[in-house]
Amino acid sequence: HPVGGGVFHYRLIAKYLQSVSVYGLQAQGYDGGEPLYDVVTMAERYAGVIEKSLPTKNVRLLGGSMGGVLAVETAKQLKAKNIHVEDVYLLDAVGRVEGGNHKRRPISFKRVVRGLSLRLKDNWMQLKAKLIFSVGARLPHVWRYQYLTLVNHKALDKYLASVHYEKKYQGRVILFRLPPQPEGQYSDKCLGWDKIINPEPIVYYAQGRHHQFLESKDFELALKAHY
């Protein structure tokens with residue numbers, strides 16, 4: 001799942017590959033309950049679900065954006081359980097790209113005030129959420145998505161800077177991504193994954209937008225051609 005936690009959009013994979021059984025792993029907390037706060041913990045949970053549900057089958061994992069990061073970590077967990085992972089598919093998922101950040105924009109008073117305001121809002125939301133969870137209640141519908149997105153962004157940033165991310169993964173990985181850019185993260189062919197994955201990921205380019213990558217016709221055709 002991406003940072004928003006849902007998996008309904010992956011129905012398109014089932015549509016593109018109609019002969020393949022597709023299962024989605026939705027984020028804990030998507031229903032307003034307390035989420036998981038750590039990528040490794042999430043992956044352990046998902047590996048356990050897969051081990052219980054598909055113990056005798058070869059596994060192919062797929063994830064877009066943060067879901068790609070989760071797919072790689074879950075593959076590591078499954079390998080540790082001696083469960084065969086045939087392929088891992090990454091959909092415009094960015095790993096740790098050294099020196100790949102865009103140039104910083106000039107700092108202005110307006111940007112500083114806005115940043116502080118957003119941080120205060122996030123901290124207040126997290127405090128309210130902890131109080132709600134402490135009494136066994138669920139978050140109200142109006143800000144479930146916002147809170148889960150915030151928590152998952154924090155978990156993702158923490159994971160990409162950790163030693164857990166650096167642990168090597170040995171297996172076939174296929175990366176579908178947007179075309180390269182002259183600078184920034186997208187200037188790196190493998191979006192940072194070649195540093196921890198062996199052999200180097202197979203890369204396919206597809207026109208589209210990051211948040212609508214699954215809907216891209218280029219991606220659909222590339223996926224079908226590969227599969």
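Just so it is clear, the structure is predicted and the values come from calculations on it, not from any experiment. We're numbering straight along the sequence, starting at 1.
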With [X], which residues qualify under side-chain hydrogen bond (donor to acceptor under 3.5 Å, both in side chains), at least two apart?
X	answer
N198	Q170
Y159	E73
T41	D38

Pairing residues for [X] by the salt bridge (charged side-chain N to carboxylate O under 4.0 Å, His left out) criterion, not counting sequence neighbours:
X	answer
K217	E220
E215	none
K15	none
E86	R60

Contact between [X] and [Y] at the side-chain level, heavy atoms closer than 4.5 Å - yes or no?
X	Y	result
L148	L139	no
V173	W193	no
L223	I13	yes
M42	L25	no
V88	V72	yes
P179	Q207	yes
Y46	Q77	no

Which distance, rounded to the nearest 0.5 Å, do you find between the [atom1] of [X] and the [atom2] of [Y]?
X	Y	atom1	atom2	result
L17	L62	CG	CG	9.0 Å
E34	I132	CD	CD1	11.0 Å
K128	W143	NZ	CH2	5.0 Å
L178	H210	CG	NE2	8.0 Å
D92	R209	CG	CZ	13.5 Å

| Pairs meeting criterion side chain to side chain donor-acceptor pair (under 3.5 Å) with involvement of residues 146-156, two or more places apart |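 Of all non-adjacent pairs touching residues 146-156, those that pass side chain to side chain donor-acceptor pair (under 3.5 Å) are Y37-Y147.
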
Assess whether atom [atom1] of [X] is packed by more than 12 heavy atoms of other residues, nucleotides or ligands within 6.0 Å.
X	atom1	result
K130	NZ	no
H84	NE2	yes
K158	NZ	no

| By side chain to side chain contact (heavy atoms under 4.5 Å, CB included), which residues pair with Q18, not counting sequence neighbours? |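 None.
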
For [X] and [Y], indicate whether the former's side chain and the latter's backbone hold a donor-acceptor pair under 3.5 Å.
X	Y	value
R45	A27	no
Y16	L214	yes
K76	H164	yes

| Charged N-O contact under 4.0 Å between K195 and E98 |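 No, K195 and E98 are not salt-bridged.
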
| task | Output all residues satisfying ring pair (Phe, Tyr, Trp, His ring centres under 6.0 Å) with H226, sequence neighbours left out; order by chain, then residue number. | result |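 By the ring pair (Phe, Tyr, Trp, His ring centres under 6.0 Å) rule, H226 matches Y89, Y204.
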
| query | Who pairs with F219 by ring pair (Phe, Tyr, Trp, His ring centres under 6.0 Å), at least two apart in sequence or on another chain? | reply |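 If we apply the ring pair (Phe, Tyr, Trp, His ring centres under 6.0 Å) test to F219, skipping adjacent residues, the hits are F176, F213.
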
| request: Scan residues 162-173 for pairs that pass salt bridge (Lys or Arg N to Asp or Glu O under 4.0 Å), counting only residues two or more places apart or in two chains. | output: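 Listed once each, the pairs are D87-R172, R96-E166.
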
| Which is it for Y23 and V49 under the side chain to side chain contact (heavy atoms under 4.5 Å, CB included) test, yes or no, and what are the steps along the way? | CA-CA 11 Å; Y23 304 86; V49 171; over 6 Å; no

